[in-house]
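All ligand and atom numbering here is 1-based and tracks the order in the structure.
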Amino acid sequence: MCGIVGYTGPNPALSKVIEGLRRLEYRGYDSAGVALATTLSQPLFVAKKAGKLINLENELASDHASAKSGIGHTRWATHGGPTDENAHPHISDSGKLAVIHNGIIENYVELRAYLEKCGYKFNSETDTESVVHLLSEEYKTTKDLSAAMRLVCQKLRGSFTLLAIHSDDPETIVGARRNSPLVVGLGEEENFLASDVSAFIAHTKRALELGQDQVVTVTPNEVNVTDLFGNGVTPKAFEITWDANSAERGGFAHFMLKEIFEQPKAISDTLAGRFNDEGKVQIPELKNLNLGIDRILILACGTAFHAGLIGKYALEEWSKIPVDVELASEFRYRKPVLSKNTLVITISQSGETMDTLMALRYAKELGAQTLSVCNTIGSTIPRESDAVFYTHAGPEIAVASTKALLTQIVGIHLVGLFIAQEKSSLSTAQINSLAAELSALPNKVEEILETVEPLREMTRGFKEATSVLFLGRHVGFPAALEGALKLKELAYMHAEGFAGGELKHGPIALIEQGTPVIAVLPPESSEIAEKMRSNIQEIKARGARVIAIADSSIDIDVPHLIRIPKTIELLQPILSIVPMQVFAYEMAVARGNDVDQPRNLAKSVTVE
Ligand code: AGP
C-alpha cells in the first residue's frame, strides 16, 4: 500500500504534493519521491530518497515555484528493497516522463524481458519500472499520454493505481486504476489526484471516485475519464464528510478497524501471482532453498506464533515433513538439535522482533536453512534469512496485528503447497483444489465483515465481564489462543485459550454461572465436531455463556451463534479469527481503551 499524490494548478506544485504525501505517509514510509513538470519538453525535475518523507524534504534545495504540476509517492515496498533506486517516481530514458504506482504488476517479469529486448535499461528491481518504459514505448506512437496509458493498462495484469506526467504537456496528469484506490479532488482552477482524500481534504471536499479499469486525464480546469478503450465515462462525484484525521483512517474510527476491513485485499495481494495458468504454485523466492529437508521448525512471537501454530497442520499434512512450532524467546535458551536438513521458518510482520531475530541467528549457527515469512521488505529478519516470502498486507499501523496475521497464515499455506508440489507429496488435482480454496478466502472474509455491526452490538453485552475463555480443537485451538491474545492486549482483561480436550484436565473448574466462553467449531464433517459439541454441553451444564463460531454445516443450541462461510477445516482459522478480532476491538472501544496503541505495548518489540 503506497501513498500517491498529483497536483496541477496555479500554485507551486511541490508544496501541494509534499503536503499531500505527509497526509499519506501512514500508507508507506520506505521511501518518497516527487517529479515536477518545470519546463516544456525538457527533462522533469525528479527527487527521490529512501526512508521517511523528511529525508526527501531535506534533499529539496528549492521550492521549484515555477512547476505547476507534479506527482509524488511514498512507498511501501513490495518488489525491491527500500532504496533510492527503487523509490518512485520511475523515469523514462528521455527523462521527460515519470510514473508512480501503488499495487502489484503480476506480469512485470514478462514485460521487463520484452522491454530489455527492445533495448530498455532498468535501474531498479521494481515492477513499476516496466510500466514507465512501456508507457514511453507507446507514447512514441500516440504522442498522447492518455492514449498511451490506455494501451499500457490493457497489457498489465495485477493491481495498480498509476499517475504519469510528461513534460510535453506540463499541466496534464494522467491516472489509471485497477483494484487499487484513486480519487480526484476538484479545486478552484486546480485539481488533485490521490490514493485517498486525506491528501487534499485541506483544499477541497469535492471529489470524484474512479471505477475499475478507468483512465483519468486532469488539467487545472478539466477532468476527463474514459475506459481502457477511450469510451467516455461519467465518474461518481461525492462530497467528503470526514475531517483530515478520520480521512487517514479511511473514515474508520481506528486503524485497527480499518485494517480488519482491509483483510480481504491483503489476502488477495498476498495470493496475487502465486498460481500460474496451469494452477501450479509459483514462489521463485524459494528456489535457492534445498528442499531435501527432514524437519521444519517455525519460530515466532505473539500473534505471529499463532500463525505458525495454525500453519503447522497443513504444512505437515501437505509436505509429509514433521513440523514443530516454538516461541522464539524460548527456543533461544535451550540446546536444540538442528542440521542443514532442518528448515527454520521465522514469521514476523515487522521483521525486527528481537526475540525472533536472535532465534534466527541461533538457528543459523546450528546449521539450519532459514526462510522468513515477513510483511516488511528489507527489514532485518528477511535480510538475514536464506530466503523470504513477503506477505502483502501493507503497513499495519495498529499495534494489535490483524491483516498481517491472516496473510501470514496464507503465506505459510502457500509455502506448504509449494513444498508439496516440489516433493510431489500432493497430486496436481489436490493442489489445484487447495489453491481454489485459498483463492476463495478474500470473498469469504468480506462476507463475515458484512455482519460486523450485529457482532459489535453483541460484544457490548459482555463489557462487564472479568474474564473470557476461548475453546477450540485441532486448528481451532491456536485460533482460540489468538482470540484470547487479542482480548488481553486490547481490553486489558483476563482471557485464556484452551484445547477442548484439555477442559476436563483442569480448566473446566474455571466455569461458573455466566462465564463467557467463545467456542470455535470445526465443520460438521470434522472428526472432532462431536467432541466440540460435547465440550459445549459440558460448559453449558456448568453455567457458561457460550458464543459459538461455526459454519452452516453445524447446528448447535447456544445463546450466541456467529456464522462464518464454509471452507476446508485446515483453512477455517482464517475465517473464524475475524469475529474474534472484532470482539476484542469492540470490547476495547466499549472500555474506552486506546485501540490503536494499547497500554504497555509496542508495534515492533525490538528489545529482548
Ligand atoms: C500481535 O497483536 C501483537 N502486537 C504481538 O504479539 C506481535 O504479533 C508480536 O510482537 C510479533 O511481532 P512481529 O510479527 O512483528 O514479529
Side-chain angles (χ1 to χ4, degrees), residues 76 254-260 262-263 266 270 298-311 325-332 344-361 363 370-385 388-412 470 478-493 495 497 573 577-578 580-585 587-588 593-608:
W76 179 264
H254 301 98
F255 276 111
M256 181 185 172
L257 190 59
K258 177 170 179 276
E259 287 155 9
I260 286 173
E262 284 173 345
Q263 293 184 121
T270 300
I298 298 174
L299 300 174
C301 301
T303 284
F305 171 68
H306 296 150
L309 287 174
I310 291 164
V325 188
E326 202 167 333
L327 286 169
S329 56
E330 285 298 308
F331 170 79
R332 290 195 57 220
V344 165
I345 301 178
T346 56
I347 304 176
S348 177
Q349 187 289 127
S350 63
E352 301 297 346
T353 298
M354 190 52 73
D355 287 326
T356 309
L357 175 59
M358 299 312 283
L360 165 66
R361 289 176 177 165
T370 58
L371 164 64
S372 162
V373 173
C374 186
N375 190 47
T376 308
I377 287 199
S379 53
T380 307
I381 290 173
R383 275 209 317 273
E384 297 193 13
S385 300
V388 54
F389 177 93
Y390 281 117
T391 54
H392 291 305
E396 191 174 64
I397 309 297
V399 166
S401 187
T402 50
K403 60 177 184 173
L405 166 69
L406 296 197
T407 57
Q408 287 162 355
I409 299 171
V410 167
I412 284 284
F470 293 75
L481 293 176
E482 173 58 14
L485 175 63
K486 281 284 150 311
L487 195 60
K488 276 184 263 208
E489 63 178 328
L490 287 157
Y492 313 158
M493 68 192 292
I577 284 173
V578 176
M580 292 189 277
Q581 292 170 340
V582 174
F583 185 87
Y585 167 81
M587 198 68 102
N593 295 349
D594 183 340
V595 173
D596 287 332
Q597 268 109 26
R599 70 185 183 194
N600 312 336
L601 297 178
K603 183 59 188 169
S604 177
V605 184
T606 54
V607 293
E608 285 190 279

Can you measure from [atom1] ([X]) to [atom2] ([Y]) and round to the nearest 0.5 angstrom?
X      : Y      : atom1 : atom2 : answer
Ile577 : His306 : CD1   : NE2   : 9.0 Å
Ile347 : Thr353 : CD1   : OG1   : 11.5 Å
Ser401 : Gln581 : OG    : CD    : 8.5 Å

Check: Going by distance only, is there an N or O of Ser348 that falls short of 3.5 Å from an N or O of ligand 1?
Finding: yes
Looking at every non-hydrogen atom in both residues, tell me the closest pair between [X] and [Y] and how far apart they are.
X      : Y      : answer
Tyr492 : Asp594 : OH-N, 4.1 Å
Asn375 : Trp76  : O-CZ2, 3.2 Å
Glu330 : Glu326 : C-OE2, 4.3 Å

Should you measure from each heavy atom of [X], which atoms of ligand 1 turn up under 4.0 Å away?
X      : value
Ala304 : 8 (O), 14 (O)
Gly302 : 6 (O)
Ser401 : 1 (C), 2 (O)
Lys486 : 1 (C), 2 (O)
Ala400 : 2 (O)

Which residue and non-hydrogen atom of the protein lie closest to [atom], and at what distance in Å?
atom                    : answer
atom 14 (O) of ligand 1 : Gln349 N, 2.7 Å
atom 15 (O) of ligand 1 : Ser350 OG, 2.7 Å
atom 3 (C) of ligand 1  : Glu489 OE1, 3.5 Å
atom 4 (N) of ligand 1  : Val399 O, 2.8 Å
atom 13 (P) of ligand 1 : Thr353 OG1, 3.2 Å
atom 11 (C) of ligand 1 : Cys301 O, 3.5 Å
atom 7 (C) of ligand 1  : Thr303 N, 4.1 Å
atom 10 (O) of ligand 1 : Val605 CG2, 4.0 Å

Next item on the list: Apply side-chain hydrogen bond (donor to acceptor under 3.5 Å, both in side chains) to Ser385 and list each qualifying residue two or more places apart in sequence or on a separate chain.
Entry: none
Next item on the list: Provide the full list of salt bridge (charged side-chain N to carboxylate O under 4.0 Å, His left out) pairs with a residue in residues 392-401, sequence neighbours left out, each pair given once.
Entry: Glu396-Lys603
Checklist line | Derivation and outcome, side chain to side chain donor-acceptor pair (under 3.5 Å), residues Glu352 and Thr380 | finding: CA-CA 6 Å; Glu352 301 297 346; Thr380 307; 2.6 Å; yes
Next item on the list: Please confirm whether Glu352 comes under 4.0 Å of ligand 1, counting heavy atoms of the residue only.
Entry: no
Margin query: Can you confirm whether Leu485 sits close enough to Glu482 that some side-chain heavy atom of one is under 4.5 Å from a side-chain heavy atom of the other?
Written below: yes
